[in-house]
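What follows is one structure encoded as structure tokens, with my remarks underneath.
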Amino acid sequence: MIESTIAELLSKATLKLYGQMPPESLIQIQKTRPEFTGDYTVVVFPLLKISKKNPEQTALELGKYFIDNSNEITDFNVIKGFLNLSVSNTYWMEFFNRILPDNRFGFSESKDIPSVVIEYSSPNTNKPLHLGHVRNNLLGWSVAAILKANGIPVKKVNLVNDRGIHICKSMLAWQKWGQSATPETTGQKGDKLVGDYYVLFDKEYKKEIKTLVDNGMKEDEAKNSAPILLEAKLMLKKWEDGDDQVRKLWYEMNQWVYAGFDITYSRMGIDFDKVYYESETYLLGKALVEDGLQKGILFKKEDGSVWCDLTLDGLDEKLLLRADGTSVYMTQDLGTAQLRYDDYHPGKLVYVVGNEQNYHFDVLKLVLKKLGKEWADSIEHLSYGMVELPEGKMKSREGTVVDADDLMEEMYQTAKTTTEALGKFDDFTEEESHQLYNVLSLGALKYFILKVDPKKTMTFNPAESIDFTGNTGPFIQYTHARIKSILRKADEAGYPYLDIKIDWNDSNEKEKSLLKLLHDFPQVIQQAGENFSPALIANFAYEVAKEFNQFYHALIILKEEDEATRTFRLQLSFVTARTIRQAMKLLGAEVPERM
RNA sequence: GGUCCAGUAGCUCAGUUGGAUAGAGCAGCAGCCUUCUAAGCUGCGGGUCACAGGUUCGAGCCCUGUCUGGAUCACCA
């Protein structure tokens, strides 16, 4: 990397000129802004302490040193306290000839280190996946891909919250009003069917609360004593006691949901190395709690409920087992963490979970630590922001949830009408068109979601469908298809461009800025990995596409008469297309050959 | 009320961890298809970076306070 070369030279220069090596924090190297000449810029202000001279003087002295002592730096200029360095064409040429045949440019070799286990998706089995899950799934999948690109071994896991009061609610409502409806008899997707009964339960529950309140009960009390809720609670208890009938119904309804989820996952392109089920981990969690209780780390209240005291850590007391002995969310998460640790002994346990659960994960780590699990420190909560609608948070009960399947279907239709309106590809078969619409709609959706910094709350306006022009997935995909079209024509014309070394030293501005941008790819992948941020990849892909389109409009490629120049431009186009494809792949998005 | 997060153009978002005149897209206006894909390119207009102090050569970024919005502090998951 040229940056590190410059940094080293800078250290040597200050040592030679001013008798001191600067600490790393004082070395600031950045890319030169386009309005100035040069490729890289050294900020000299921090070095004045060492040089004890004014900025201009210091920069001049350093600049001279660079020229005299390096082959890579050919020129410099000083503006205010900024030392702009020009890197030799030889460096850029060698760099380009190196990456041209390197199909893994930007990717690291696999490292022999403990793997990272990354959990994402984590659906509840009482309702279908919605836009919030979409962000979760896309983030988790993409971060996993990015970590792999950094050479880190990754295990992708899903934890299905398949038990608990929520699924009992759906089961109960189905028992009462379902009339034995199944996905087969209704033709409805299983997760949708079960979700409908969850909504039904909630309606009835609200009704009962209202009745109780009308009869003079306080609202809080009513919420806890509505008959239908008591019935659901009873069902949960029966479930934990292993009641045959309850278990059978539970199993059947969950199977419906899984069949539905599988369709959604598969369409979205989301997969896992391993799926955990809460019903298989919560007992382990209970055992951990019992153990902690015996060791006196946890305590029992008079009613029999078990708690962890976190008040000394600035948090509250946390319930771990209810008075009736049933477990809560935290209980099973303790068990899952333990199980996962035993399965993989990972270097890191990453949880992709919304930021509304920040507190939960603080508590989880603390409780595990108290229970003596040193590896609790390797737990990292990849906390992402909510997806909101223009009018605020999505509420399933108010019907403002954006369903994942509906969203994908809508995007598909948009891709279809947009493509048809442009009137290209009459020669496409139905299958080819279908493929294209899929690639475009998912590319648009994935890019739209992943280009936003994961930590930030993002807004989605269902009324305005996701764009296909401007800073979008299809724009990037289009650029790829456009390049592929040129490369096909080059093949037809019999212009070879691979395996040829061009001795290029007279570069056009547009060529060079594109090349310099491609040069950044490895650092972008590295940074995206360190920050768990697909957004960095997305923004990079956009910049590359934009830069290429400017290059494309400014210069001719195929019809360029000078053979060397033409070949170089074809090579540059080729590397650009490859980089775009790989960057998009890290987001889980495909790129089409034609569009 | 406690804790945490956020506030950048009409809208949706960037801003390389403190550097040069704060950038894109959408929306609006004006141009460019007999050069290789116009899902593209070029130009114009649009900003008190919520507000007030502070730190320093330099602050959208760091610190303090204020305002606004959100999350959370559940025997829901």
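In what follows, every chain begins at residue 1, and chains take the letters A, B, ... in the order their sequences are listed.
- Rounded to whole Å, the P atom of rG47(B) lies 22 Å from the corresponding atom of rG53(B).
- At a threshold of 4.0 Å, the pair K318(A)-D313(A) does not count as salt-bridged, since none of the basic side-chain nitrogens sits closer than that to a carboxylate oxygen.
- Distance check on atom C1': rA9(B) versus rC49(B) gives 10 Å, rounded to whole Å.
- Nucleotides rC57(B) and rA52(B) have their C1' atoms positioned 24 Å apart, rounded to a whole Å.
- Within 4.0 Å of N461(A), counting heavy atoms only, lies no atom of the nucleic acid at all.
- In this structure, E464(A) places its CD atom 16 Å from P of rG10(B), rounding to the nearest Å.
- The distance between atom CG of L47(A) and atom P of rG19(B), rounded to the nearest whole Å, is 15 Å.
- Computed from coordinates, the Q30(A) CD to rU17(B) C1' distance equals 12 Å when rounded to whole Å.
- Between K31(A) and rG19(B) there is no side-chain N or O to OP1 or OP2 distance below 4.0 Å.
- In rC26(B) the O4'-C1'-N dihedral to the base is more than 90° from 0, which defines an anti nucleotide.
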Query raised in the report: Once each nucleotide of nucleotides 37-43 of chain B is scored for protein heavy atoms under 4.0 Å, what B/S/- sequence comes out, 5' to 3'?
Result: BSBBSS-

Query raised in the report: For every nucleotide of nucleotides 70-77 of chain B, 5' to 3': is a protein heavy atom under 4.0 Å from its base (B), only from its sugar-phosphate (S), or from neither (-)?
Result: -SSS-BSB

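- Atom pair N358(A):CG and rA6(B):P shows a separation of 11 Å (rounding to whole Å applied).
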Requested in this report: Evaluate the side-chain contact (heavy atoms from CB on, under 4.5 Å) criterion for residues V134(A) and L129(A): first the C-alpha distance (whole Å), next the side-chain angles of each, then the deciding distance (0.1 Å), finally the verdict.
Outcome: CA-CA 7 Å; V134(A) 173; L129(A) 304 177; 5.9 Å; no

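- Between rG1(B) and rU66(B), the distance separating the two P atoms is 11 Å to the nearest Å.
- Rounded to an integer number of Å, the gap from CD1 of I79(A) to P of rA20(B) is 13 Å.
- For the C1' atoms, the distance linking rC61(B) with rU3(B) amounts to 24 Å, nearest Å.
- With 3.5 Å as the limit, one finds no donor-acceptor pair spanning the side chains of N161(A) and H166(A).
- Atom pair E530(A):CD and rU16(B):C1' shows a separation of 12 Å (rounding to whole Å applied).
- For the strand RNA chain B, secondary-structure stems (runs of at least three Watson-Crick or G-U pairs, all distances below 3.5 Å) span B:1-7 with B:67-73, B:10-13 with B:23-26, B:28-32 with B:40-44, B:50-54 with B:62-66.
- Partners of K238(A) by salt bridge (charged side-chain N to carboxylate O under 4.0 Å, His left out), not counting sequence neighbours: none found.
- Residue T41(A) is classed as a base contact, given a heavy-atom separation below 4.0 Å to a base.
- Distance check on atom P: rC11(B) versus rU16(B) gives 23 Å, rounded to whole Å.
- Annotation for E563(A): atom CD does not count as buried by contact number, only 12 or fewer foreign heavy atoms lying within 6.0 Å.
- The residue D313(A) sits apart from the nucleic acid: no heavy atom pair falls under 4.0 Å.
- A donor atom on one side chain and an acceptor atom on the other are found under 3.5 Å apart for T336(A) and Q332(A).
- Atom pair F540(A):CZ and rU16(B):P shows a separation of 17 Å (rounding to whole Å applied).
- The shortest distance between side-chain heavy atoms of V78(A) and E56(A) falls below 4.5 Å.
- V452(A) comes within 4.0 angstrom of sugar-phosphate atoms only, judged by non-hydrogen atoms across all strands, and of no base.
- No contact: F448(A) has no heavy atom under 4.0 Å from any strand.
- Separation of the C1' atoms belonging to rG15(B) and rG23(B) is 7 Å when rounded to the nearest angstrom.
- Stacking is found between F82(A) and the pyrimidine-like six-membered ring of the rA20(B) base under the 5.5 Å centre-distance and 30° plane-angle cut-offs.
- Looking only at atom types and distance, the side chain of R163(A) has a donor-acceptor partner in the side chain of S327(A) under 3.5 Å away.
- Rounding to the nearest 0.5 angstrom, the gap separating the CG atom in L514(A) from the CZ atom in F548(A) is 7.5 Å.
- Between K301(A) and E317(A) there is a salt bridge, since at least one side-chain N of the basic residue sits less than 4.0 Å from a carboxylate O of the acidic one.
- With its glycosidic angle within 90° of 0, rU17(B) adopts the syn conformation.
- Checking N84(A) against T41(A) by side-chain atom types alone, a donor-acceptor pair falls below 3.5 Å.
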Name the atoms and distances for all side-chain donor-acceptor pairs under 3.5 Å in residues 380-389 of chain A, with sequence neighbours left out.
| residue | atom | partner | partner atom | Å |
| --- | --- | --- | --- | --- |
| E380(A) | OE2 | K348(A) | NZ | 3.4 |
| H381(A) | NE2 | V353(A) | O | 2.8 |
| S383(A) | OG | N358(A) | OD1 | 2.9 |
| Y384(A) | OH | N136(A) | ND2 | 3.2 |

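- Applying the salt bridge (charged side-chain N to carboxylate O under 4.0 Å, His left out) criterion to E302(A), with sequence neighbours excluded, gives no partner residue.
- Base contact: N84(A) has a heavy atom under 4.0 Å from a base atom.
- With rounding to whole Å, L389(A) atom CG is found 13 Å from rU12(B) atom P.
- For the P atoms, the distance from rA14(B) to rA6(B) is 12 Å, rounded to whole Å.
- OP1 or OP2 of rG7(B) has at least one side-chain nitrogen or oxygen of K456(A) nearer than 4.0 Å.
- Under the 30°/60° scheme for interplanar angles, the aromatic rings of W239(A) and Y282(A) are found to be tilted.
- Within 4.0 Å (heavy atoms only), P46(A) reaches at least one base atom of the nucleic acid.
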